[in-house]
Amino acid sequence: MTVSVLFVCLGNICRSPLAEAAFRDEAQRAGLAVTVDSAGTGDWHIGHPPDRRAQAVAQRNGVDISGLRARQVLAADFHAFDHIVALDAQNLRDLTALAPVNATARLSLLLDHVEGRAGEAVADPYYGEDTGFDITWADVVAGAKGLAQRIAAER
Ligand code: 4NP
């Protein structure tokens, strides 16, 4: 059985493409068959590649995300994916507001999947220093590991 997971942040050029890449890696390591994508709640960056700082931190960690392109979350995503995982609490509120009444996807916050970090946000690195992206990477890897373990345990 293939499990599908959509990661959602605001712009889909910093945090959620990194979460997508980290989770694809962790799932492969855990032997899970997964379909993974990411999207933004906002529409400003539709069609754009990830932010160059996000591409750089991924590259430093051995992952190429240059081919990803931003898209906005769609109502159909709430049926197409088993899990929709928000990067921060505002993303989760926006997703809850967008969700069709008969949505089947399970909504969660990424760091809810990390022991002791429930309710925490993956901070938006967009307006900060380049070093913020190293923190983002560490956070999304921790979340991706926790989520992969949870999905593996449920099977
Ligand atoms: P992301 O970061 O949500 O992690 O992709 C942002 C990217 C762009 C903007 C905000 C956050 N923006 O305002 O354009």
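No experiment lies behind these values; they were computed from the predicted model shown. Starting from 1, each residue takes its place in the sequence as its number. First listed ligand is number 1; within each ligand, the first listed atom is number 1.
- Contact check on Glu20 versus Arg24 returns a salt bridge, with a Lys/Arg side-chain nitrogen under 4.0 Å from an Asp/Glu carboxylate oxygen.
- A side-chain donor from one of Asp88 and Asn91 sits under 3.5 Å from a side-chain acceptor of the other.
- Using a cut-off of 4.0 Å between Lys/Arg side-chain N and Asp/Glu carboxylate O, Arg117 and Asp139 are scored as salt-bridged.
- Side-chain contact between Pro49 and Gln55 is present, with at least one heavy-atom pair separated by less than 4.5 Å.
- Checked by atom type, the side-chain pair His83/Ser108 shows no donor-acceptor distance below 3.5 Å.
- The 4.0 Å heavy-atom shell around ligand 1 contains residues Cys9, Leu10, Gly11, Asn12, Ile13, Cys14, Arg15, His45, Asp124, Tyr126, Tyr127, ordered by chain and number.
- No side-chain heavy atom of Asn12 sits under 4.5 Å from any side-chain heavy atom of His48.
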